Amino acid sequence: MSSAVLKLTKPEIQKLKNYYADYLLLKKVPYSEFSAKKNGVSITAYTSGKVLFQGNNAEQEAARWGKTAPASAKKSSRLPSDFASLAVLGSDEVGNGSYFGPLCVCAAYADKEHLDALKTLGVKDSKMLTDDQIRKMATAIKEMIPFRLLVVTPEKYNDIQPKYNAVRMKVALHNQAIRLLLEDIAPTKPDAILIDQFTPEANYMNYVKKEAKRVEQKIYFVTKGEQYHLAVAAASIISRASFLDELDQASQELGMKVPSGAGKPSDELAAKLLQKGGIDLLRKYVKLHFANTEKAKKMI
């Protein structure tokens, strides 16, 4: 079991509590604000401001809320000391934890000449930006640096998911986005490739071996990768903007606001879609293997 600890402010902890509202535990932990458990990860927020994440995906879950610093200020024993100033191809994904909407994976290449421009633009962790900022910034980034964006619609996701588990699917998508972008920028070669880590490196390597075409270059893996290089932050912003656009499109088609995440609003909307068009309608907009599907069925 892995664990991760964050130090957050009271408003940030309240934001966490609201996010995990559907997963709160009744048992009160001494000196805590709340406890919750989601997807096998236990979250305990203490009155001191410390938040403890425990479970197999603790680091990944904590990364949603970790305080960030400029990429140039972060150091990691896994990465070269000057990593933030290198020409890096970075990749990240958005939508993996949302019941509605697609899975978006983006690879972006930020060479040394564009790092200052990206900083000036305000590129940073997409979780620290408003939706409007993300959309505007994504447009500017796309005009500035090379990227490859892969969007797996819910319908396509549901076709693939029985054959590929969620992790293997993300491995395949990251590998494909990186490979295609390397082809786009050839003969230029990045100084390094960095993936915002979503699974242990050994697990990634085991899955990528199953791909017919795979990237053979050295790849670095680190959680909260957007803190270590602007290429990952740029990829995250492009992915997030695409995800938001897809949710807006779904909202227009359905005539109802489509939520992100996997909370109660998602269950309620899913129940309405089941009543309106059954599972055939629902599968066009959600990732069916989420527990929300069964919750929605029980609602009707």
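A quick note: this is a predicted structure, and the numbers were derived from the prediction, not measured. Residue indices begin at 1 and follow the sequence shown.
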Got a salt bridge between Lys213 and Glu211, using NZ or NE/NH1/NH2 to carboxylate O under 4.0 Å?
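Here Lys213 does not pair with Glu211 in a salt bridge, since their nearest N and O are not under 4.0 Å apart.
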Looking at Glu294 and Lys297, is any side-chain nitrogen of the basic one under 4.0 Å from a carboxylate oxygen of the acidic one?
yes
Close side-chain approach of [X] to [Y], heavy-atom, < 4.5 Å:
| X | Y | answer |
| --- | --- | --- |
| Val286 | Asn292 | no |
| Glu253 | Lys284 | no |
| Thr47 | Glu33 | yes |
| Phe53 | Leu6 | yes |
| Trp65 | Val51 | no |
| Val258 | Glu246 | no |
| Met256 | Leu273 | yes |
| Arg135 | Thr139 | no |

What do the steps show when you test Tyr207 against His174 for ring pair (Phe, Tyr, Trp, His ring centres under 6.0 Å), and what is the final call?
CA-CA 11 Å; Tyr207 278 128; His174 276 270; over 10 Å; no
Going hydrophobic residue to hydrophobic residue with side-chain gaps under 4.5 angstrom, can you get from [X] over to [Y]?
| X | Y | value |
| --- | --- | --- |
| Ile178 | Tyr164 | no |
| Val105 | Val171 | no |
| Phe243 | Leu254 | yes |
| Leu269 | Ile300 | yes |
| Val29 | Leu24 | no |

Could you give the distance from [atom1] ([X]) to [atom2] ([Y]), rounded to the nearest 0.5 Å?
| X | Y | atom1 | atom2 | value |
| --- | --- | --- | --- | --- |
| Lys189 | Asp191 | NZ | CG | 12.0 Å |
| Ser35 | Leu25 | OG | CG | 6.0 Å |
| His289 | Tyr157 | NE2 | OH | 3.0 Å |
| Ser42 | Glu61 | OG | CD | 11.0 Å |
| Met137 | Leu118 | CE | CG | 10.0 Å |
| Ser236 | Leu230 | OG | CG | 12.0 Å |

With a 6.0 Å cut-off (strictly less than), is the heavy-atom count around [atom1] of [X], excluding the residue itself, greater than 12?
| X | atom1 | answer |
| --- | --- | --- |
| Lys295 | NZ | yes |
| Lys264 | NZ | no |
| Lys272 | NZ | no |

Audit row: Gln161, Leu288, side-chain contact (heavy atoms from CB on, under 4.5 Å) steps and yes/no:
CA-CA 9 Å; Gln161 191 272 326; Leu288 285 176; over 6 Å; no
Starting from the C-alpha separation in whole Å, work towards a yes-or-no answer on side-chain contact (heavy atoms from CB on, under 4.5 Å) for Ile185 and Asp111.
CA-CA 11 Å; Ile185 65 175; Asp111 60 20; over 6 Å; no
Given the rule in the side-chain contact (heavy atoms from CB on, under 4.5 Å) test, do Phe34 and Leu16 qualify, once you have shown the distances and angles that lead to the verdict?
CA-CA 9 Å; Phe34 73 89; Leu16 258 72; 3.9 Å; yes
Whether the Gln249 and Asp245 side chains hold a donor-acceptor pair (N or O, under 3.5 Å, no angle test) is what I'd like checked.
no
Side chains of Lys38 and Tyr19, donor plus acceptor under 3.5 Å
yes
Output a table of donor-acceptor pairs, distance under 3.5 Å, between side-chain atoms of residues 196-203 and any protein atom two or more places apart or on a different chain; print 'none' if there are none.
unit_1 : atom_1 : unit_2 : atom_2 : d
Asp196 : OD1    : Lys224 : N      : 3.1
Asp196 : OD1    : Gly225 : N      : 2.6
Gln197 : OE1    : Arg78  : NH1    : 3.0
Gln197 : NE2    : Thr199 : O      : 3.1
Thr199 : OG1    : Asn203 : ND2    : 2.8

Looking only at heavy atoms, which two atoms of [X] and [Y] are closest? And how far apart?
| X | Y | answer |
| --- | --- | --- |
| Ser85 | Lys112 | O-CG, 3.4 Å |
| Ala270 | Ala296 | CB-CB, 3.6 Å |
| Ser98 | Lys287 | O-NZ, 2.6 Å |
| Arg168 | Lys163 | NH1-O, 4.3 Å |
| Phe147 | Asp184 | O-OD2, 4.5 Å |
| Asn158 | Arg283 | ND2-O, 2.9 Å |

Are any side-chain N or O atoms of Ser239 and backbone N or O atoms of Ala235, one a donor and one an acceptor, separated by less than 3.5 Å?
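Answer holds: yes.
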Ignoring hydrogens and angles, tell me if any N or O in the side chain of Lys210 forms a donor-acceptor pair with the backbone of Ala172 under 3.5 Å.
no
Among Val94, Val232, Leu149, find the one that has a side-chain contact (heavy atoms from CB on, under 4.5 Å) with Cys106.
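The side-chain contact (heavy atoms from CB on, under 4.5 Å) with Cys106 is passed solely by Leu149 among Val94, Val232, Leu149.
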Which one of Asn175, Ile195, Leu194 satisfies the side-chain contact (heavy atoms from CB on, under 4.5 Å) criterion with Ile219?
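It is Ile195, the one option of Asn175, Ile195, Leu194 that forms the side-chain contact (heavy atoms from CB on, under 4.5 Å) with Ile219.
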Should Phe83 and Tyr220 be marked as a ring pair (Phe, Tyr, Trp, His ring centres under 6.0 Å) after you check the CA-CA gap, both sets of side-chain angles, and the distance that decides it?
CA-CA 11 Å; Phe83 193 84; Tyr220 293 96; 5.7 Å; yes
Could you give me the CA-CA distance, side-chain angles and deciding distance for Met299 and Leu274, then say whether side-chain contact (heavy atoms from CB on, under 4.5 Å) is met?
CA-CA 10 Å; Met299 285 184 172; Leu274 282 172; over 6 Å; no
